[in-house]
Amino acid sequence: MLLFAGTPFAMNRIMIIRIIALLAIVLIFWLGTRKMKIVPGRFQSLVEMGLDFVRVNIAEDLLGKKDGRRFLPILTTMFFMILFFNLTGIIPVLNIAGTSVIGVPIVLAAVSYICFIYAGVRKHPAAFFRNALFPPGVPWFLYIIVAPIELVSTFILRPITLTLRLLMNMVVGHLLLVLFFSATSFFLFTAGGWWSLLSIGSLAFGFVFTLFEILVAVLQAYVFALLTGVYIQLALADEH
Amino acid sequence: MADISTLAELSGNIATVGYGLAAIGPAIGVGIVVGKTIEGVARQPELAGRLQVLMYIGIAFTEALAFIGIAVGFIFT
């Protein structure tokens with residue numbers, strides 16, 4: 001506990017990092033969209049590129065123009081929130097991702113879960129749960145096997161895998177960086193002698209994996225928003 | 001006198017190799033998904049964007065098993 005210790009608002013390091021990331025999101029989007037020009041400047045076009053990526057490649061590609069518009073705000077929020085919270089993992093001084101404790105991933109997975117069930121119930125008020133559990137076109141005796149599998153995979157495993165995928169990617173990335181940099185410190189200062197030559201290798205690997213973590217951070221934000229889009233798409237699909 | 005009924009003895013916790021075992025399946029799966037996508041793009045380059053989206057969805061589903069493998073190590077200790 002670092003801030004306000006002893007009060008109900010006690011905050012540890014990760015919460016402070018989340019607040020810093022939140023302020024960064026607000027600041028960047030405020031600066032990027034403050035003075036909108038028809039011919040965008042360098043910073044505005046960067047922000048527009050990010051927003052366009054979510055709109056074109058995730059929302060409209062999966063859901064089409066009309067439904068894409070409806071679910072665009074939640075997909076954009078998810079993408080940029082996860083992206084910024086993940087990127088704190090590789091920023092010096094902060095050094096840990098805001099999503100590497102289970103709270104944030106579980107809340108985001110719950111939002112995604114509620115969102116796709118809402119989308120499905122809204123589109124097919126009577127038939128959503130029936131179509132989800134008893135997919136049409138399957139012989140009736142197979143429903144004995146199919147219905148439990150669909151129940152587990154759609155309504156139980158989807159939120160669990162969304163949570164675990166994000167959380168474990170960030171935890172494992174942090175552990176890998178810790179291992180490489182503490183190995184460097186060990187070889188250089190504790191082991192001594194010829195061992196210190198190995199520290200060059202472990203430092204180089206630590207650096208390479210830091211770059212790899214940037215890729216993972218972007219990819220996980222993309223995958224989370226993409227999967228939410230896919231679940232909404234499946235819930236909206238008309239039965240054949 | 002040596003204990004002749006024991007051929008090999010394992011001390012410590014076998015859970016340490018658990019994640020290694022759990023990663024085999026998803027590793028093969030992700031390899032197949034990416035390989036097939038490359039094959040598809042090589043045959044029909046104009047579908048590259050669509051195939052890439054499908055590839056990421058496929059990878060996300062496959063690698064979830066590996067991450068359940070990591071989580072199990074934290075839960076059942």
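Below, read A as the first sequence line, B as the second, and so on, with proteins coming before strands; counting in each chain starts at 1.
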Colleague: So with a 6.0 Å cut-off around CZ of Phe29(A), is the heavy-atom count from everything else above 12?
Modeller: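 Above 12, so yes.
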Colleague: Can you establish whether the number of heavy atoms outside Tyr113(A) located under 6.0 Å from its atom OH is more than 12?
Modeller: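 For Tyr113(A), atom OH is crowded (more than 12 foreign heavy atoms under 6.0 Å).
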Colleague: Determine which pairs satisfy salt bridge (charged side-chain N to carboxylate O under 4.0 Å, His left out) with at least one residue from residues 98-123 of chain A, sequence neighbours left out, and list them in order.
Modeller: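 Salt bridge (charged side-chain N to carboxylate O under 4.0 Å, His left out) check on residues 98-123 of chain A returns Lys123(A)-Asp238(A).
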Colleague: Assess whether atom CZ of Phe212(A) is packed by more than 12 heavy atoms of other residues, nucleotides or ligands within 6.0 Å.
Modeller: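 Incorrect, the count does not exceed 12.
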Colleague: When rounded to the nearest 0.5 angstrom, what distance separates CD1 in Ile70(B) from CG in Asn169(A)?
Modeller: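 Here the interatomic distance stands at 7.5 Å.
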Colleague: Nearest 0.5 Å please: distance from the CG atom of Leu164(A) over to the CG atom of Leu65(B).
Modeller: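 Here the interatomic distance stands at 11.0 Å.
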Colleague: Return yes if some donor-acceptor pair links the side-chain N/O of Arg165(A) with the main-chain N/O of Phe67(B) below 3.5 Å, else return no.
Modeller: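 No, because the side chain of Arg165(A) does not come within donor-acceptor range (under 3.5 Å) of the backbone of Phe67(B).
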Colleague: When rounded to the nearest 0.5 angstrom, what is the spacing between CZ in Phe61(B) and CG in Leu227(A)?
Modeller: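 Between Phe61(B) CZ and Leu227(A) CG, I get 5.0 Å after rounding to 0.5 Å.
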Colleague: When rounded to the nearest 0.5 angstrom, what is the spacing between CG in Asn57(A) and CD in Gln52(B)?
Modeller: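 Rounded to the nearest 0.5 Å, the CG-CD separation comes to 9.5 Å.
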Colleague: With rounding to the nearest 0.5 angstrom, report the CG to CG distance, Leu54(B) to Leu226(A).
Modeller: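 So the CG of Leu54(B) and the CG of Leu226(A) are separated by 9.0 Å.
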Colleague: So Arg50(B) and Asp61(A), do their side chains get closer than 4.5 Å, heavy atoms only?
Modeller: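 In short, these two side chains touch, coming nearer than 4.5 Å.
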Colleague: Pair Tyr56(B), Leu219(A) - check side chain to side chain contact (heavy atoms under 4.5 Å, CB included), show working.
Modeller: CA-CA 9 Å; Tyr56(B) 281 123; Leu219(A) 202 64; 3.3 Å; yes
Colleague: Contact part of Tyr222(A) toward chain B, heavy-atom cut-off under 4.5 Å: side chain, backbone, both or neither?
Modeller: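 Only the side chain of Tyr222(A) comes within 4.5 Å of chain B.
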Colleague: Which members of residues 101-111 of chain A, sorted by number, sit under 4.5 angstrom from chain B on a heavy-atom basis?
Modeller: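 So far as heavy atoms go, nothing in residues 101-111 of chain A approaches chain B to under 4.5 Å.
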